[in-house]
Structures are given as structure tokens and as C-alpha cells.
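This report concerns only the one structure given below.
Numbers here are sequence positions counted from 1.
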Amino acid sequence: MFLLLRSLRRITIPTRVVKTLPFSREAAVSQGIISFPARLPSSQSQQRFMTTPSAERTLQAGLQNVRHDKWGWLIYRTTYADDGLWARLHKAIHEQSHRAITESDAPEIADSLEWTFVQDKRTLEGATRAELRSRFRAWASEAVVAENPRAAGAEPLYRRPAAQLTPRYRYFIQVDEEALREGHLNLVKADWEPDPEDHVGDYDAIEGYTGEDVGWFKMSSTMLGADLWGAINDETWHVYYRRPPGVLVS
């Protein structure tokens, strides 16, 4: 049912690839993380330059630049009606993601991948997205430090604004009863707040909000991997966003 899914001084990457890094292009350039050549090299060097790195390789470079040791999302279970379906989802996420990484040009990123499954029937069954956001933000504020000890001395990279944190600390996955039953996942933006200028009143209400962007969307389980994780940020959110009941598919 679930088809899921040394110290670097500078790296030169084609402009079109930068948006897949887990921080903004402007911040990366201003802090000397990435440099863009004035002109393209020639012959074989030019051919190598024009080759777009894979999502896995780009993700690996991004983690190295910010000295982060983990990627992957927290996955909150908010339904406890079917333990069998949950177990199959859990297994499918691991198998599919690791298979894709093994077949990529950066299999080493499997060592830093962590899908953090969070389940607690007493506190999470039926939890709203607002409650999950609050819980997640409390976790992320501590985890970004605890999980990445190598980043402690990497000023100013380490104390970057929240908008420049890697996706692990900005988004999370929710699996509610509908998602578990229908085989999709809910990707939730942790810092979302209602926007009074977001076409409010033009849409049917979702959790009381009638604007376009409700701060989460449904996605096919096949989207869970390095491609989306390395690409999602404030600038690209609208590219992937589908207002529910729409579903993002690969």
C-alpha cells in the first residue's frame, strides 16, 4: 500500500541547484559557503560544471556546510486504530528511503538519516496540528543543538535565523487516521500562522481558516526522501503546496 517512499572552503554549484540546499542562496553566498564563477570553464571542465549534482549529493554538501549530523523528519502518529497499518508504514518508509539512497551517488548519507517516529497514545491520539506544532517547536529548539554538536563553533552558521534551519527543524510529518487509511502523509510547516492577506474568505474553511495556505499539505508517500527534504523551504513551499484535499504526487 505504501510505495515510499576536509573542511569545506568553497564549492561551486550551478545556480539552478542552489535552491535545493537547506539554506538560502543569499545567505550561502554572503557567508562564503558557495561561490559562483564569473564565466564557465571550457572543454571537459565545462562539461563537469554543467552536470547537475543529484539530490542526495546536494543534500550531503548542504549538511557538511552547516555541520549538521542528521536529516530526516519527525513523524507523529496521531491515530491508534490499526497497529498493522502503522507497522507496514514504518517498515516501508525505512526500506524505500534506504533503497533509494543505496542506488544514489551519495550512499553515505544513509548514516545520517533518521526518521524519528513519535507515538504516544495518551498524549498524541487525536492531537490537532496546532498542538503538534507547539510540541514540535519545543523539541526542535533543543534538538538542533543536541543533535549537531559539530555546529557549536560554526558561527555565524550555527545561530542562523529559524527560516534558514534545515528542514528537519522546520517541518514534520503527521499520520492521522485518514492518512494512514488512504496511504498519504501530511507535511506540516511548524511556524505557520494565519495570514489575513492570504485570500481569506475565498476558500472553504479548513480548521476554521478560509485562506489559501493552511500550513500543511497531503503528499504521496513516494515523496518522502532526499529530493523533497533537500528542496523544501520558504521560497519553494508554494511550488509543492497543494491545498487539501489535493495531494502532492511524484
Side-chain angles (χ1 to χ4, degrees), residues 1-2 4-5 16 18-27 73-82 85 89 118-120 123-141 144 160-225 227-250:
M1 178 177 182
F2 298 98
L4 294 174
L5 24 359
R16 64 181 179 276
V18 173
K19 284 189 177 181
T20 66
L21 293 173
F23 37 75
S24 69
R25 172 189 174 187
E26 292 75 13
W73 277 311
L74 260 69
I75 302 173
Y76 288 106
R77 179 186 182 183
T78 62
T79 178
Y80 294 82
D82 194 324
L85 275 180
L89 170 63
V118 184
Q119 54 180 330
D120 182 349
T123 62
L124 288 175
E125 185 171 31
T128 66
R129 274 174 278 274
E131 292 169 341
L132 292 178
R133 285 188 175 99
S134 178
R135 178 171 179 149
F136 175 82
R137 288 194 298 265
W139 169 84
S141 66
V144 67
R160 61 180 61 254
Q164 295 177 15
L165 290 174
T166 68
R168 179 169 175 81
Y169 308 107
R170 300 206 60 220
Y171 310 90
F172 60 88
I173 301 294
Q174 176 206 29
V175 181
D176 58 14
E177 184 174 356
E178 179 187 304
L180 189 62
R181 184 178 64 251
E182 297 183 1
H184 65 258
L185 304 170
N186 300 329
L187 181 67
V188 184
K189 189 175 185 180
D191 62 357
W192 176 87
E193 293 182 355
D195 181 356
E197 298 182 0
D198 182 31
H199 304 283
V200 172
D202 292 350
Y203 298 87
D204 293 336
I206 295 179
E207 298 165 349
Y209 183 66
T210 58
E212 179 183 6
D213 185 355
V214 297
W216 66 277
F217 61 82
K218 302 177 182 181
M219 67 179 189
S220 166
S221 53
T222 59
M223 296 293 297
L224 196 63
D227 292 85
L228 181 62
W229 193 94
I232 194 78
N233 56 47
D234 280 349
E235 293 181 356
T236 61
W237 173 262
H238 70 282
V239 176
Y240 299 99
Y241 178 74
R242 305 289 186 274
R243 194 178 198 273
V247 180
L248 176 68
V249 296
S250 55

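Contact check for Met223 versus Leu187: no side-chain heavy atoms found under the 4.5 Å cut-off. The side-chain heavy atoms of Val188 and Leu132, taken from C-beta on, include no pair separated by under 4.5 Å. Residues Leu224 and Ile173 have side chains in contact (heavy-atom distance under 4.5 Å, counting atoms from C-beta outward). Looking at Val118 and Trp139, their side chains never come closer than 4.5 Å, going by heavy atoms from C-beta outward. No side-chain heavy atom of Asn233 sits less than 4.5 Å from a side-chain heavy atom of Pro167. With a 4.5 Å cut-off on side-chain heavy atoms, Ser220 and Leu248 do not count as touching.
Screening Glu178, Lys218, Met219 against Asn186 for a side chain to side chain contact (heavy atoms under 4.5 Å, CB included) leaves a single residue, Lys218. Checked against Trp192 for a ring pair (Phe, Tyr, Trp, His ring centres under 6.0 Å), the options Tyr209, Tyr171, Trp237 give a single hit: Tyr209.
We find that Asp191 and Arg137 are not joined by a salt bridge, their nearest charged nitrogen and carboxylate oxygen being 4.0 Å or further apart. The existence of a salt bridge linking Arg77 and Asp120 is excluded, since no basic side-chain nitrogen approaches an acidic carboxylate oxygen closer than 4.0 Å. For the pair Arg243 and Glu212, the salt-bridge criterion is not met [side-chain N within less than 4.0 Å of a carboxylate O]. A salt bridge does not link Asp82 to Arg181: none of the charged side-chain nitrogens sits closer than 4.0 Å to a carboxylate oxygen.
Nearest approach of Tyr169 to Leu165, heavy atoms of both residues: CB-CD1, 4.2 Å. In plain terms, the two heavy atoms of Gly183 and Ser221 that are nearest each other are O-OG, 3.6 Å. The heavy-atom pair separating Gly201 from Thr210 by the smallest distance is N-OG1, 2.8 Å. Scanning both residues, Ala179 and Val175, for their nearest heavy atoms gives CB-CA, 4.3 Å. Nearest heavy-atom pair, Leu74 versus Phe136, reported as atom, atom and distance to 0.1 Å: CD2-CD1, 4.1 Å.
By the ring-ring contact (aromatic ring centres under 6.0 Å, His included) test, Tyr76 pairs with Phe172, sequence neighbours left out.
Counting non-hydrogen atoms of neighbouring residues, nucleotides and ligands closer than 6.0 angstrom, the CD atom of Gln119 exceeds 12 such neighbours. Annotation for Asp204: atom CG does not count as buried by contact number, only 12 or fewer foreign heavy atoms lying within 6.0 Å.
Remark: the Thr222 side chain and the Ser250 side chain contain an N/O donor-acceptor pair separated by less than 3.5 Å. A donor atom on one side chain and an acceptor atom on the other are not found under 3.5 Å apart for Arg133 and Thr128.
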Practice problem: Any chance you could lay out the side-chain contact (heavy atoms from CB on, under 4.5 Å) test for Phe217 and Val247, step after step, and finish with the verdict? | Solution: CA-CA 7 Å; Phe217 61 82; Val247 180; over 6 Å; no

Quiz item: Can you list the steps and then say if Arg135 with Leu124 is a side-chain contact (heavy atoms from CB on, under 4.5 Å)?
Solution: CA-CA 10 Å; Arg135 178 171 179 149; Leu124 288 175; 3.4 Å; yes

Exercise. Show the numbers, then the answer: is there a side-chain contact (heavy atoms from CB on, under 4.5 Å) between Trp216 and Glu207?
Key: CA-CA 11 Å; Trp216 66 277; Glu207 298 165 349; 3.7 Å; yes

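For Arg168 and Trp73, the positive end is not near the middle of the six-membered ring at less than 6.0 Å and at most 45° from its axis.
Atom CD of Glu125 is separated from atom CG of Asp176 by 12.0 Å, given to the nearest 0.5 angstrom. Taken from CG in Leu180 to CG in Leu89, the straight-line distance is 6.5 Å, to the nearest 0.5 Å.
Note: His199 and Tyr203 have perpendicular aromatic rings, judged against thresholds of 30 and 60 degrees for the angle between ring planes.
A donor-acceptor contact shorter than 3.5 Å is absent between the side chain of Ser134 and the backbone of Glu131. Not one N or O on the side chain of Asp198 forms a donor-acceptor pair closer than 3.5 Å with the backbone of Gly211.
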